[in-house]
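For reference, the structure discussed in these notes is given below.
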Amino acid sequence: TTRTWEYLGLSSANPKNLLNDTNMGDQVIIGVIDTGVWPESESFNDNGVGPIPRKWKGGCESGENFRSTDCNRKLIGAKYFINGFLAENKGFNTTESRDYISARDFDGHGTHVASIAGGSFVPNVSYKGLAGGTLRGGAPRARIAMYKACWFHEELKGVTCSDSDIMKAIDEAIHDGVDVLSISLVGQIPLNSETDIRDEFATGLFHAVAKGIVVVCAGGNDGPAAQTVVNIAPWILTVAATTLDRSFPTPITLGNNKVILGQATYTGPELGLTSLVYPENARNNNETFSGVCESLNLNPNYTMAMKVVLCFTASRTNAAISRAASFVKAAGGLGLIISRNPVYTLSPCNDDFPCVAVDYELGTDILSYIRSTRSPVVKIQRSRTLSGQPVGTKVVNFSSRGPNSMSPAILKPDIAAPGVRILAATSPNDTLNVGGFAMLSGTSMATPVISGVIALLKALHPEWSPAAFRSAIVTTAWRTDPFGEQIFAEGSSRKVSDPFDYGGGIVNPEKAAEPGLIYDMGPQDYILYLCSAGYNDSSISQLVGQITVCSNPKPSVLDVNLPSITIPNLKDEVTLTRTVTNVGLVDSVYKVSVEPPLGVRVVVTPETLVFNSKTISVSFTVRVSTTHKINTGYYFGSLTWTDSVHNVVIPLSVRTQILQNYYDEN
Amino acid sequence: ETESKVHIVYLGEKKHHDPEFVTESHHQMLASLLGSKKDADDSMVYSYRHGFSGFAAKLTKSQAKKIADLPEVVHVIPDGFHELA
């Protein structure tokens, strides 16, 4: 967060922007359901924050190491829910648990997420000298309410959150009066029919949205494969993760004076010219050697002692790095260079052991040098921080992708935000903690970026519905990086990003403040979706609290008033309807422009929309037909309404299926 | 079959504004299923009573099935879990 808001155009230095026009989100309350909060963190100081909003009905629940007086005007609520967890884990010993049986955060994740969404200004923060700057949340004057429903479990060596606890957290958050609910939690994939309306996560949140709360959820970290996105209910905002325009180049200087810039967060002393080795059986004797990172322990110690080791790995997780580093250290090695496909979740090696990542191309360069000389040597310098161009933005490898496997016509994710190596507050118990702050990565970190932006928008447009906020950020998002460069999506090979990677694109807060038109949705639209998805009348009636009878035949999911059009099974032609509402100048005229997906015809009627004091909302039809003669993949395009001031853009994703419900391997 | 596990019984939108009344109705529903108020109290994990109506309770499979058949119940599912993202 020492870079995020400059990158997104929300710098506090600009006196006239969404941040300052909304008094930094003051009076807006962001609820976070997570692992708790570290109240003493500087990120939750309440300097300059006004009185607690009058509507607030929440409270600060005391418990282990947590007094009700630990809250303040910034952190105005803290509750914890553990009954479900205890009922499911009968052997759990609360007195021996390292976690706090209170809203206090043991793990650090909850503190990090809350700090990103609404943390106060904390000047001069860095991670051991890297990523330095002023730490702050998206809405620095918004209020935070923490609902702890996730617990560190010794036996699991990790954190788990029971749905029954999460449901109670949602129930209490609705009671307390939060405006935005930020949830960086994910269920399992593959999704199954139980995970739509019957997923208590989505059902409980349906009620939150129905009461005007904007719900923002993580899309998951199971990318880059397609159909891995979770939290896919249409009433939820689902967030994908991109990198920032910031990286940490780490100079590797070879003995032939070639300098290669690897990636690391290495902050130890410079490693002067040291022998460099790639373990392999150069002498064809019967000893065993391996240059695979995960198998460095097969090498005799003398191979790696007092040297920097180059290894290769196909692994996309950090496990390979930490294991390789431990093997090299155990053999008396002095450093490690890992060659792998980019995954961007590089965490530092322990004890500031020099370990640097490069891609296969550069790794092969280094290997060629090693093989070209009798005594290869290398120097490794500490990492630097490089912000802005030429560092590009990418959808990060692990960010889960669409299409939405449950309901492919509902585009997910909705939006993308930076979620890689985000510096924010954490708990002292966090293994990555440095001075109360840590750099973490995940859609967990991207989600509160959106929550913070929504908090600012909520302060500006308190009367908007949750769907209006989603429409505003999707239709105004950057489809390139903020400097106009293409955004690539990491995967088995890099490709240009499409809506299944980043929804509408990267959130553009300043544009979202004045979107011009919005694709709004209310209870009737959600009922239309539920009917189209085949839920029975009685379930829907009970869900919405009013007698509901679905039309027969049932409505088309393609008509749900989303700020996107996704047609997963076009056979020849389909016509769908959208309605837009004017939230700009009363007297406005918009004209349509279409960028059709390849081989797809798109006709919009009418081509001009006229708004005035009497005409606030206008419907239009979109006739889509295909010229393809085969079953295709998805082709992408866009549909834009413009009044020459606002460009209201929605993504178009069309897949032709001449043969329906068909799958082949060719 | 005899082991009790947490289930979430979802009842949809609240039918009363008074949360106490909503919770009381949950206990009564559970008591009629389990046979006594004490059993209901022992079984109840949470009453969801502000944003929507429902409760979490420790039920055997057959009890879960039985309560799911009640007309006012939208659905009953076993408790699940989520992870940090």
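Lettering follows sequence order; numbering is per chain, from 1.
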Heavy-atom distance under 4.5 Å to chain B: side chain of A:I82, backbone, both or neither?
-> backbone
CD1 of A:I527 to OG1 of A:T548, rounded to nearest 0.5 Å, is 4.0 Å
Looking at A:E172, A:Q546, A:E88, A:Q542, which one has more heavy-atom pairs under 4.5 Å with chain B than the rest?
-> A:Q542
Using non-hydrogen atoms only, which part of B:P71 is less than 4.5 Å away from chain A: side chain, backbone, both, or neither?
-> backbone
Residue pair B:H27, B:D41: steps toward the side chain to side chain donor-acceptor pair (under 3.5 Å) verdict | CA-CA 7 Å; B:H27 279 269; B:D41 292 348; 2.9 Å; yes
Option that, when pairs with chain B are counted at under 4.5 Å, heavy atom only, ranks first among A:T447, A:V544, A:T35, A:D165 | A:D165
What class does the angle between the rings of B:F52 and B:Y10 fall in, given that below 30° is parallel, 30 to 60° is tilted and above 60° is perpendicular?
-> tilted
Hey, mind stepping through B:Y46 and A:D171 against side chain to side chain donor-acceptor pair (under 3.5 Å) and telling me if it holds?
-> CA-CA 10 Å; B:Y46 286 117; A:D171 191 43; over 6 Å; no
Hey, does A:D105 have a side-chain heavy atom less than 4.5 Å from the side chain of A:D107?
-> yes
Proximal component of A:K90, with respect to chain B [non-hydrogen, under 4.5 Å] | side chain
Below 4.5 Å from any heavy atom of chain A, which atoms of B:A85 appear? Answer side chain, backbone, both or neither.
-> both
If you measure from the Lys or Arg side-chain nitrogens to the Asp or Glu carboxylate oxygens, is any gap between B:R49 and B:E20 under 4.0 Å?
-> yes
Which residue out of B:G54, B:P19, B:G51, B:A56 racks up the most heavy-atom pairs below 4.5 Å with chain A?
-> B:G51
Given a strict heavy-atom distance threshold of 4.5 Å, which part of B:S53 is in contact with chain A: side chain, backbone, both, or neither?
-> neither
Which atoms of A:I166 come close to chain B, meaning under 4.5 Å heavy atom to heavy atom: side chain ones, backbone ones, both, or neither?
-> side chain
Relative to chain B, which segment of A:F85 carries a heavy atom at a distance below 4.5 Å: side chain, backbone, both, or neither?
-> neither
B:S62-B:T60 side chain donor-acceptor pair, cut-off 3.5 Å = yes
Which of the residues B:K58, B:E72, B:H7 is involved in the greatest number of heavy-atom pairs with chain A at under 4.5 angstrom?
-> B:E72
Looking at A:K211 and B:E13, does any basic side-chain N land under 4.0 Å from a carboxylate oxygen?
-> yes
